[in-house]
Amino acid sequence: MQPEKITQTEYATELNRLHTRREELEEAESTLVSHDHGGGLPHDQQNRLERVRGELADVLQQIGDLKDRFADNGGATPDPDGALGE
């Protein structure tokens with residue numbers, strides 16, 4: 001099954017949205033980690049940190065998938081770190 005075609009404009013818009021979300025999540029991760037002064041984080045903060053890291057991993061995967069999808073439609077070369085990269 002071939003991925004749905006994507007235009008250059010759609011690609012750029014979605015990539016910008018994902019990069020913005022990635023930056024927000026990285027900032028949230030940094031803020032949460034900065035509260036750990038060697039004794040570990042409280043349970044609720046640790047849970048937040050795990051959720052942020054999980055969502056960050058998802059966003060990074062989506063970025064790679066989007067790049068591969070665009071490349072697969074002839075828009076660019078495949079990302080070696082993406083899902084279709086070799």
Side-chain angles (χ1 to χ4, degrees):
M1 185 168 151
Q2 289 287 40
E4 195 175 312
K5 294 224 181 254
I6 185 169
T7 68
Q8 174 74 34
T9 302
E10 292 169 329
Y11 170 75
T13 300
E14 184 65 7
L15 190 61
N16 284 337
R17 184 191 70 77
L18 289 169
H19 278 299
T20 299
R21 184 64 184 144
R22 177 188 53 83
E23 290 169 2
E24 291 168 353
L25 290 166
E26 287 174 345
E27 173 123 359
E29 178 186 35
S30 179
T31 299
L32 286 166
V33 169
S34 73
H35 291 120
D36 182 358
H37 302 290
L41 292 171
H43 186 66
D44 65 328
Q45 294 254 350
Q46 185 63 40
N47 287 341
R48 276 190 217 126
L49 180 59
E50 288 174 17
R51 282 193 304 272
V52 165
R53 286 180 172 165
E55 190 175 343
L56 180 57
D58 290 344
V59 167
L60 292 172
Q61 181 65 49
Q62 290 172 17
I63 289 170
D65 291 348
L66 179 66
K67 287 179 178 181
D68 285 345
R69 180 177 158 206
F70 186 63
D72 195 42
N73 288 316
T77 58
D79 182 352
D81 295 326
L84 299 178
E86 295 289 327

Of all residues at least two apart in sequence or in a different chain, which pass the side-chain hydrogen bond (donor to acceptor under 3.5 Å, both in side chains) check with T7? E10
For L66 and L15, work out which heavy atoms get closest and say how close. CD2-N, 3.5 Å
Does N16 have any side chain to side chain contact (heavy atoms under 4.5 Å, CB included) partners at least two apart in sequence or in another chain, and if so, which? none
For R17, enumerate each residue passing the side chain to side chain contact (heavy atoms under 4.5 Å, CB included) test, keeping only those at least two apart in sequence or located in another chain. E14, Q62
Who passes side chain to side chain contact (heavy atoms under 4.5 Å, CB included) against T13, sequence neighbours left out? T9
Using the salt bridge (Lys or Arg N to Asp or Glu O under 4.0 Å) criterion, which residues pair with E27? Sequence neighbours excluded. none
State which residues pass side-chain hydrogen bond (donor to acceptor under 3.5 Å, both in side chains) with R53; sequence neighbours excluded, sorted by chain then number. E29
Tell me every residue that passes side-chain hydrogen bond (donor to acceptor under 3.5 Å, both in side chains) with E26, counting only those two or more places apart in sequence or in another chain. R22
Rounded distance [0.5 Å steps], OH in Y11 versus CD1 in I6: 8.5 Å
Sequence neighbours excluded, the answer for side chain to side chain contact (heavy atoms under 4.5 Å, CB included) partners of R21 is E24, L25, E55, V59
In Å and rounded to the nearest 0.5 Å, what is the CG to CG distance from L60 to D65? 11.0 Å
Any residue meeting salt bridge (Lys or Arg N to Asp or Glu O under 4.0 Å) with E50, in chain and number order, not counting sequence neighbours: none
Just jot down the salt bridge (Lys or Arg N to Asp or Glu O under 4.0 Å) partners of E23, sequence neighbours excluded, or say none. none
Looking at residues at least two apart in the chain, or sitting in another chain, which of them share a side-chain hydrogen bond (donor to acceptor under 3.5 Å, both in side chains) with D58? none
Report the distance from atom NZ of K67 to atom CG of L18, rounding to the nearest 0.5 Å. 10.0 Å
Is the shortest side-chain N to carboxylate O distance from D44 to R48 below 4.0 Å? yes
